[in-house]
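Every value quoted in this text rests on a predicted model; they were computed, and no experiment measured them.
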Amino acid sequence: MAQQAQEKYEDSYLYKIRHSAAHVMAQAVLEIFPDGKPTIGPPVENGFYYDFDLPRNLTPEDLEQIEKRMRQIVQGKHDFKKTVISAEEAKKIFVDQPYKLELIEGLEKGGLDEYGNPLNEKPEISIYQQDTFTDVCRGPHVANTKEIKPDAFKLMSVAGAYWRGDENNKQLQRLYGTAWENKKQLEEYLHQLEEAKKRDHRKLGKELEIFTFDEEVGPGLPLWLPNGGIVIEELERLAKETEEQAGYLRVKTPSVTKEDLLLRSGHLPYYAESMYPPMELEGVKYYAKPMNCPMHHKIFGSKGRSYRDLPIRLAEYGLCYRYEKSGELFGLMRVRSMQMNDAHIYVAEDQFEKEFLGVTDLYLKYFSLFGIEKYVMRFSKHGKSGLGKKYVDNERLWIKTEEMVRRAMINGNIPFVEVEDEAAFYGPKIDVQIWSAIGREFTLATNQVDFAQPARFDLKFTNRDGHDEMPLCIHRAPLSTHERMIGFLLEHYAGAFPVWLSPEQARVISITDEQNEYAESIARELRANGIRASADVSSQRMNAKIRNAQVMKIPYMIVVGKNEMEAGQVSLRVRDGSQQNGFALGEFIAKAKDRISRRTAEL
RNA sequence: GCCGACGUAGCUCAAUCGGCAGAGCGCCCGCCUUGUAAGCGGGCGGUUACGAGUUCGAUUCUCGUCGUCGGCUCCA
């Protein structure tokens, strides 16, 4: 999570500790499995891992034993010794270590790093030794194992991981650990993990009755409960208002489509494996639609278009279905049915930059609305080796459109990072990476250029000279999908939504039965004013009613007892625990309506 | 899909060595009439995910299926 600012992680002391802890772990593992083959073991965020090829699978008991042995090793106070050697010498040392030999060859010949990625220059080969363990490694390490405190590291989990990240390669066993400078830091980190669990959207979604999954319905197919339905409605209202002002037009398209459409769009050959299999009707194959774009292209093409009509912005909260592999599903973040905040913008080439930046503006507006402060714009480009496979085979247009995106981002003064080989098959894109409050990173908004589909669909408009011209298409989804967005918002707000998004905005609480009718009448008046409210007239004590409302994170509690009823007033308790007595109802209504209409996080 | 762990009431969890499946919350009924985070009593609620196997006997051991979780891979 939080690394010290400024200093690069690779240069930090913590990095050395973790890197060294990985070597100590490898020593411990190889003592238990002398025939095991070590591969690589780098530091990662918050810790380190080491991948092994072992004769059997590790058990939780093994982890305990390994951790115990690691404590003994570090307390042996062994120096880390670095030696620079030639490739020949290295190969002799690691003669019976196939993975190490492959690494050495990579370093020697191609200049490949430990992940198999190309390096700029041919690196020197060095080995590090501590106690009985020797590893090919560029370092750096701490000077002595005593710097790894026996009470400041912990083995976390074991998982499968493919050699060099390629699922066609052998699956190795990856052992994850966390390591810190001292015991206090470790405890803080473990505490942070506990806190993070409380904000997990899966837990909050259940507690706040936002969504549920049912085995019988199917994995990755969320059922939105009434409270979730409200959040969805509010997000759609936000999108609709925003898009109306930005000149978008709303369309609606069906959930299934003939095979022909997806063949034409080019999706089928690329993504057949991650789509629901087809259903056959009257000899024709139909698919659940995995995205909306082909249908929007059809709408664009449904009549003649003039340059005067452009840009044309077609928006739809379309429900799409994708067959995500079972192991990839994750709460609401990765699902098989999703409602996308989708739109396709058709532009002439000279309109591209303005429209592209217009979309980026939209993100930034939304980010500020949701208080998202940390984000990174990732400019994803094609990879040359994927042309004709992962990517449409037209290098000239790739280079051209990538330059257009780069120029737009620079002219728009928007910071971004360039990433090779992560584009969509039809063009370069900007993905926005953000971090939830529990430090989970994922991609929300996306903004993609498409030069391929307009050609495949033969899209055209009549230009100023009376000739046909092909538009470019911008795919965009600033609010991502309802699923991912709401999952994110749950974590981000820890379930305490701003008033406008709260499923229940106010709960009226009567102190005794005498006030039940008064409470009901207040709730009715609130609802008449567009505030989502209910009255709790159950037989519970006031304290219990308040607790229930707090647990559901309802922003406003209107408490009414004898005094309030006689004075025709209310007592306001806010979710943050503050309270104000002798409130006129009209005053509260004005306050709530103000918060709602401004969509502010303020209570 | 792959590796590993897990699956007990609506929810959160317990159940010794293989020996009658339990608690709190929620829900229903009753009592209490209450002043800013849980008032009291009673009741209902279970094919221990599903299916086989071992056993006199399986929540417990074995196998398979389904689902969830931690990762890997993937994400138009």
Inset, instruction - Just call it for A:R336: base, sugar-phosphate, or nothing, with non-hydrogen atoms closer than 4.0 Å on any strand. - result: nothing
Inset, instruction - Treat primed atoms plus P, OP1 and OP2 as sugar-phosphate and everything else as base, then score nucleotides 29-45 of chain B 5' to 3': B for base contact with protein heavy atoms under 4.0 Å, S for sugar-phosphate contact only, - for none. - result: ---BBBBBBBB------
Inset, instruction - For A:F48, check ring-ring contact (aromatic ring centres under 6.0 Å, His included) against everything at least two apart and list the hits. - result: none
Inset, instruction - Tell me, please, which residues at least two apart from A:E67 pass salt bridge (charged side-chain N to carboxylate O under 4.0 Å, His left out). - result: A:R71
Inset, instruction - Verify the neighbour count for atom NZ of A:K553: are there more than 12 heavy atoms of other residues, nucleotides or ligands below 6.0 Å? - result: yes
Inset, instruction - Would you classify A:P219 as touching base, sugar-phosphate or nothing, given that sugar-phosphate means primed atoms plus P, OP1 and OP2, and contacts are heavy atoms under 4.0 Å? - result: sugar-phosphate
Inset, instruction - Remember a base hit wins even if backbone is also touched, and classify A:Y176 as base, sugar-phosphate or nothing at under 4.0 Å, heavy atoms. - result: sugar-phosphate
Inset, instruction - Looking at every strand, decide which applies to A:G165 at a 4.0 Å heavy-atom threshold: base, sugar-phosphate, or nothing. - result: sugar-phosphate
Inset, instruction - Pick base, sugar-phosphate or nothing for A:R202, based on heavy-atom distances below 4.0 Å to the nucleic acid. - result: sugar-phosphate
Inset, instruction - Rounded off to whole Å, could you give me the NZ-to-P distance for the A:K390 and B:rU73 pair? - result: 13 Å
Inset, instruction - Identify whether any heavy atom of A:K553 sits under 4.0 Å from a base atom; if not, whether one sits that close to sugar-phosphate; answer base, sugar-phosphate or nothing. - result: nothing
Inset, instruction - Ignoring backbone atoms, establish whether A:K170 has a side-chain N or O less than 4.0 Å from OP1 or OP2 of B:rC3. - result: no
Legend entry - Pairwise 5' ranking along RNA chain B for A:G218 and A:N57, keeping only the more 5' one: A:N57
Inset, instruction - Within residues 157-164 of chain A, find the residues that approach RNA chain B with a heavy atom at under 4.0 Å, and present them sorted by residue number. - result: A:S157, A:V158, A:A159, A:G160, A:A161, A:Y162
Legend entry - Set of residues satisfying salt bridge (charged side-chain N to carboxylate O under 4.0 Å, His left out) with respect to A:E259, sequence neighbours excluded: none
Legend entry - Between B:rA58 and B:rU8 - C1' atom distance, rounded Å: 14 Å
Inset, instruction - Whole angstrom is fine here: how far is it from CG in A:D214 over to P in B:rC66? - result: 17 Å
Inset, instruction - Quick one: which residue pairs count as a salt bridge (charged side-chain N to carboxylate O under 4.0 Å, His left out) with a foot in residues 333-347 of chain A, not counting sequence neighbours? - result: A:E324-A:R334, A:E328-A:R334
Legend entry - ring-ring contact (aromatic ring centres under 6.0 Å, His included) involving A:H482 - partner list, sequence neighbours excluded: A:Y317
Legend entry - Results of side-chain hydrogen bond (donor to acceptor under 3.5 Å, both in side chains) for A:K591 - residues two or more places apart only: none
Legend entry - Partners meeting ring-ring contact (aromatic ring centres under 6.0 Å, His included) with A:F153 (sequence neighbours left out): none
Inset, instruction - Please map the stems of RNA chain B, keeping only stretches of three or more Watson-Crick or G-U wobble pairs with both distances under 3.5 angstrom. - result: B:1-7 with B:66-72, B:10-13 with B:22-25, B:27-31 with B:39-43, B:49-53 with B:61-65
Legend entry - Spacing of A:L329 atom CG relative to B:rC66 atom P, expressed in whole Å: 14 Å
Inset, instruction - Establish, with yes or no, whether the OP1 or OP2 oxygen of B:rC74 is under 4.0 angstrom from a side-chain nitrogen or oxygen of A:Y271. - result: no
Legend entry - Ring centroids of A:Y426 and B:rA76 base under 5.5 Å with planes under 30°: no
Legend entry - Distance-only donor-acceptor test, A:S274 side-chain atoms vs B:rA76 base atoms, 3.5 Å: yes
Inset, instruction - Only counting residues at least two apart or in another chain, list the ones meeting salt bridge (charged side-chain N to carboxylate O under 4.0 Å, His left out) with A:K203. - result: A:E207
Legend entry - Heavy-atom protein contacts under 4.0 Å, nucleotides 6-13 of chain B, coded B base, S sugar-phosphate only, - none: -----SS-
